[in-house]
Amino acid sequence: MLGLGETDEEVKQTMADLRAVDVDILTLGQYLQPTERHLTVREYVTPEKFDFWKDYGESLGFLYVASGPLVRSSYRAGELFVQNLVRRKKETLCIYCILAIYLQAASALRSYPHTQYCVIVCRRHLERQDL
């Protein structure tokens, strides 16, 4: 959530830290004060600034960045992430691999019988020895 008084440098560092631990999906939205007892909004982030953060996140290597005033952490994340992977065709992945990457659950791959064949065609499997 943006708008709580964070600096651009803090946001950049946080994004870099997330990429350093292989986070692939990033959602950035405007903090809105739910009640008077909650923290107050320090800044209303402009749509142009949200566009900047989207572009910046993609330049860092995030596979999907949702950035806008009404974006929330669950912001159609699964649907949009899979659409984005398919559209960009960055890697050759089967649907089971896309699902496992989305869920960030590498152990789930072990339960699919196709995994031994999938390793041959999915570079992601070949690059990650922990699968």
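Here the options are V71, L28, V65, the test is side-chain contact (heavy atoms from CB on, under 4.5 Å), and the partner is K54; only V65 passes.
Atom CE in M15 sits 7.5 Å away from atom OG in S59 (nearest 0.5 Å). Atoms OG and CG, from S67 and D55 in turn, are 9.0 Å apart once rounded to the nearest 0.5 Å. Interatomic distance, CG of L2 versus OH of Y31, reported as 13.0 Å (0.5 Å rounding).
Closest of all the heavy-atom pairs between E6 and G3 is OE2-N, 2.7 Å.
Cluster membership check: L60 shares its hydrophobic cluster with V11, using side-chain heavy-atom separations under 4.5 Å among Ile, Leu, Val, Met, Phe, Trp and Tyr.
Looking at Y64 and D24, their side chains never come closer than 4.5 Å, going by heavy atoms from C-beta outward.
The aromatic rings of Y56 and W53 sit perpendicular, their planes meeting at an angle over 60°, well past the 30° parallel limit.
Here T14 pairs with L18 under the side-chain contact (heavy atoms from CB on, under 4.5 Å) rule; sequence neighbours left out. Not counting sequence neighbours, the partners of L32 by the side-chain contact (heavy atoms from CB on, under 4.5 Å) test are Q30, Y44, R72.
For the salt bridge (Lys or Arg N to Asp or Glu O under 4.0 Å) condition, no pair includes a residue of residues 27-46, sequence neighbours left out.
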